[in-house]
There are 4 protein chains.
Amino acid sequence: MSPKTQQQFQELREQKKMQILNAALKVIANHGYNGATISMIAREAGISKGLLYSYYESKEQLLEALISFGMEKAAAFMEDPDAGKPHSKESFAAMLRKMIQMVMQESDFWRMYTTLLLQPNMSGKIQPQAQKFVEQYLGIYIAYFQKKGSRNPMAEAMLFGAVLDGLMFDLMVAPDQYPLEEVLEMIVEKFA
Amino acid sequence: MSPKTQQQFQELREQKKMQILNAALKVIANHGYNGATISMIAREAGISKGLLYSYYESKEQLLEALISFGMEKAAAFMEDPDAGKPHSKESFAAMLRKMIQMVMQESDFWRMYTTLLLQPNMSGKIQPQAQKFVEQYLGIYIAYFQKKGSRNPMAEAMLFGAVLDGLMFDLMVAPDQYPLEEVLEMIVEKFA
Amino acid sequence: MSPKTQQQFQELREQKKMQILNAALKVIANHGYNGATISMIAREAGISKGLLYSYYESKEQLLEALISFGMEKAAAFMEDPDAGKPHSKESFAAMLRKMIQMVMQESDFWRMYTTLLLQPNMSGKIQPQAQKFVEQYLGIYIAYFQKKGSRNPMAEAMLFGAVLDGLMFDLMVAPDQYPLEEVLEMIVEKFA
Amino acid sequence: MSPKTQQQFQELREQKKMQILNAALKVIANHGYNGATISMIAREAGISKGLLYSYYESKEQLLEALISFGMEKAAAFMEDPDAGKPHSKESFAAMLRKMIQMVMQESDFWRMYTTLLLQPNMSGKIQPQAQKFVEQYLGIYIAYFQKKGSRNPMAEAMLFGAVLDGLMFDLMVAPDQYPLEEVLEMIVEKFA
DNA sequence: TATGAATGAGATTTCATTCAT
DNA sequence: AATGAATGAAATCTCATTCAT
């Protein structure tokens, strides 16, 4: 068996960590943190419980990794230059669509995220990271509504935030037959 | 001497059931169904674990009772004649405020409700009742936007639903210093 | 309400004790001592748990009362002059029938009795009384087989005892369509 | 290096299952199903309670496994060619002895079996398997008594069955100083 | 006397974590 | 690295017994 270089070795480890992370995300999103068991996660990842513990030292730590991982992806999205800073009706609509898409693509993560935020019990784990994220996009939209001449840019931004949160929620709960296109148009009409 | 009338017994039982229900709601809202333990609930209710089981035959059944109880209250609110059917900008605003108030007053219930809906695992327990509730208020607002001459009353109603959901979510997650008044005004401006 | 005489009072108590005893017998015979709960017994007796405890101070004591009561009835049967001491083929057959009848009439008791004897755990409670009973009827049959000129009266008596035990067992397990008559004839043919 | 072959694992599991089965049999035979606790069984098996549940998913399922296991052994005995079908006084005696021996060797199982049959509550679990077994040996003896020219082979077979059941019962209850030899001779004298 | 609510000990069951191989 | 057997603490649930009314 070919001896692996340090490099290859690290890559394999990284790969396996992802595999576990994805499995954990799926299971925790569907069952909640407390409802998800290590066995379920290991089974979903196709590895043994023991091996899982050689990658993450506890269930709690696994959750933390999961949160960081998801938030990093979200942050990356926010920093994506061609996504950020809407400046016209068209780019507003485009960005809106992109965000919705991100949420739907990573819906497991956002379901978990939402659930965690709602439980005071758990929210400590996610609040700090969520805070930053929310402030960031709030800032962007305050600026947008300001430029547009809104009477109260901050309130409008917060309302728009609520729209996004609510839409995300509705899509997560009942994605089938949701008239997304029509609702998006309505949003653009009212906010862009 | 008969120790206690049937009537008295019944009342006491009903009272204690409420006491348990409230304790359960509080604990489950804060820790999630799986994170909440019977011990926590019994402690919160000020009774022994054993006694809890003489009122509810299992943890699962307790959850069901909790859901029914909350949904009944919500349904009662919807049927309250002076709450329903907005017909003017003023009554729209009034109803909006009333709904927000209801949600904030029963915020434990709505936190639990939301969390359950987000977990496919659990959502079966709540979907049927939630469905009916959502359809009801959607109907009311479709009618309202229709009368107002909306270009797409159904999409506008769904968007408004998302606004309510998102607002509710934001209020539950970070109620302090939320500029509720300003946001409400903004909603009225855009939707009423 | 008419004040009761001491006498009436005692009778009522005695009646209620019987009622409890019969309920307990039924439940314990069907579920076993450990499978039977005080609640079941009280419900069967149509009284409250609390009241039951004013008649019998513990589940264990209730069992003891049950055993004594059953064994006394059995002993009474043995002492019944026109039942005891077979002396001819006819009286042998008659007594056999009477015993079978007793067992079938009190089948709950005998089921419980059998079950208890089979559990070393419990047998202490019943062994002493059972012992006496068995010795008594063994004595009777040893005498009978002796008089009949059996080659080994004691072995024949024990075998006959096994026949009775086995028959009782079979009848308790599957009473329907058991060809009792034919088997009894066969017993008489072989033993009387 | 793969830590253990699938094969080895399977074998170890099989071994441990037996260990648990034997412990369970001993404890349940002595205390009854409801009187036996998982703790007792685990202690007897020398393992933790938790581990027991990785082999049998519930106490009830453990009981079922126990029954199947015992009945299979009994069935194997019945199918043993040199045990079956008595055809002469000698082979009748031999088979009788073999059956007694089997019962005494597996006396825990037969105690449990008997107790279960006597409790309507539980008998559902064992009836189906017991039925088949009983019919099988009844068939064998009906044939035997027929060949012997019995006036009523079926009744004689059932009586013989009762003898076996009763003998088994007596041996289980008071094995010490039971004059087994003499009684067996008596049986042979009367039935063979 | 009579009730059934209430308790607490203990039973069954689950699961994060460790460990021998 | 990889497995899953094994543990033990904690969770859910049951029930004999007590007690206020």
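Chain naming here is simple, since letters A, B, ... match the order of the sequence lines and numbering starts at 1 in each. All figures in this text were calculated on a predicted structure; none of them were measured in a lab.
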Chemist: Quick check against the 3.5 Å criterion: does A/Tyr33 have a side-chain atom that pairs as donor or acceptor with the backbone of B/Asn34?
Modeler: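 No, because the side chain of A/Tyr33 does not come within donor-acceptor range (under 3.5 Å) of the backbone of B/Asn34.
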Chemist: In this structure, how many angstroms lie between the C1' atom of E/dA5 and the NZ atom of B/Lys17, rounded?
Modeler: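 Atom-to-atom, B/Lys17 to E/dA5, this comes out as 14 Å.
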Chemist: Taking Watson-Crick (N1-N3 plus N6-O4 or O6-N4) and G-U wobble (N1-O2, O6-N3), each under 3.5 Å, can you produce the dot-bracket string of DNA chain E? Use [ ] for crossing pairs and | for inter-strand ones.
Modeler: .||||||||||||||||||||
Chemist: On the six-membered ring of B/Tyr56, is B/Lys17 placed so that its NZ or CZ lies under 6.0 angstrom from the centre and within 45° of the ring axis?
Modeler: yes
Chemist: Expressed as a whole number of angstroms, how long is the span from D/Gln61:CD to E/dT12:P?
Modeler: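 In whole Å, E/dT12 P lies 15 Å from D/Gln61 CD.
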Chemist: Any side-chain heavy-atom pair from C/Phe109 and C/Lys73 closer than 4.5 angstrom?
Modeler: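 Contact flag for C/Phe109/C/Lys73 side chains = no.
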Chemist: If you define the side chain from C-beta out and look only at heavy atoms, does anything of B/Ser68 sit under 4.5 Å from B/Met71?
Modeler: no
Chemist: In this structure, how many angstroms lie between the P atom of F/dA11 and the CZ atom of B/Arg43, rounded?
Modeler: 9 Å
Chemist: Take atom CD of D/Gln19 and atom P of F/dA5, then tell me their distance rounded to the nearest Å.
Modeler: 14 Å
Chemist: Given atom CD of D/Glu11 and atom C1' of E/dT21, what is their separation to the nearest angstrom?
Modeler: 16 Å
Chemist: Using side-chain heavy atoms (C-beta onward) and a distance below 4.5 Å, is A/Leu63 in contact with A/Leu116?
Modeler: yes
Chemist: Could you tell me whether the phosphate oxygens of E/dA6, OP1 or OP2, come under 4.0 Å of any side-chain nitrogen or oxygen in B/Tyr55?
Modeler: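 Checking B/Tyr55 against E/dA6: at least one side-chain N or O falls below 4.0 Å of OP1 or OP2.
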Chemist: Please tell me which of the listed nucleotides, E/dA5, F/dT7, F/dA1, lies nearest to the side chain of D/Ile47?
Modeler: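 When the side chain of D/Ile47 is considered, F/dT7 is the closest of E/dA5, F/dT7, F/dA1.
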Chemist: Under the side chain to side chain donor-acceptor pair (under 3.5 Å) test, which residues partner C/Lys26, sequence neighbours left out?
Modeler: C/Glu44
Chemist: For F/dG4, does either OP1 or OP2 sit under 4.0 Å from a side-chain N or O belonging to D/Arg13?
Modeler: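 Negative; the distance criterion is not met.
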Chemist: Looking at B/Leu51, is its backbone amide N or carbonyl O close enough to the side chain of B/Lys16 to form a donor-acceptor pair, meaning the two atoms are under 3.5 Å apart?
Modeler: no
Chemist: Using whole Å, report how far CG of B/Leu12 lies from P of F/dA20.
Modeler: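 Going from CG in B/Leu12 over to P in F/dA20 covers 16 Å.
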Chemist: Where does the angle between the aromatic ring planes of D/Tyr113 and D/Trp110 fall among parallel (under 30°), tilted (30 to 60°) and perpendicular (over 60°)?
Modeler: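 It falls in the perpendicular class, over 60°.
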Chemist: Give me, pair by pair, the N or O atoms of the protein and of nucleotides 15-17 of chain E that are less than 3.5 Å apart, along with how far apart they are.
Modeler:
from: E/dA16; atom 1: OP1; to: A/Ala36; atom 2: O; distance (Å): 3.4
from: E/dA16; atom 1: OP1; to: A/Lys59; atom 2: NZ; distance (Å): 3.1
from: E/dA16; atom 1: OP2; to: A/Ile38; atom 2: N; distance (Å): 2.7
from: E/dT17; atom 1: OP2; to: A/Tyr53; atom 2: OH; distance (Å): 2.8
from: E/dT17; atom 1: OP2; to: A/Lys59; atom 2: N; distance (Å): 2.9
from: E/dT17; atom 1: O5'; to: A/Tyr53; atom 2: OH; distance (Å): 3.4
from: E/dT17; atom 1: O4; to: A/Lys49; atom 2: NZ; distance (Å): 3.3

Chemist: Give the rounded distance in Å between these two atoms: CG of A/Leu52 and C1' of F/dG4.
Modeler: 13 Å
Chemist: A/Met112 vs B/Leu118, test: side-chain contact (heavy atoms from CB on, under 4.5 Å). Steps then yes/no.
Modeler: CA-CA 8 Å; A/Met112 182 189 81; B/Leu118 289 169; over 6 Å; no
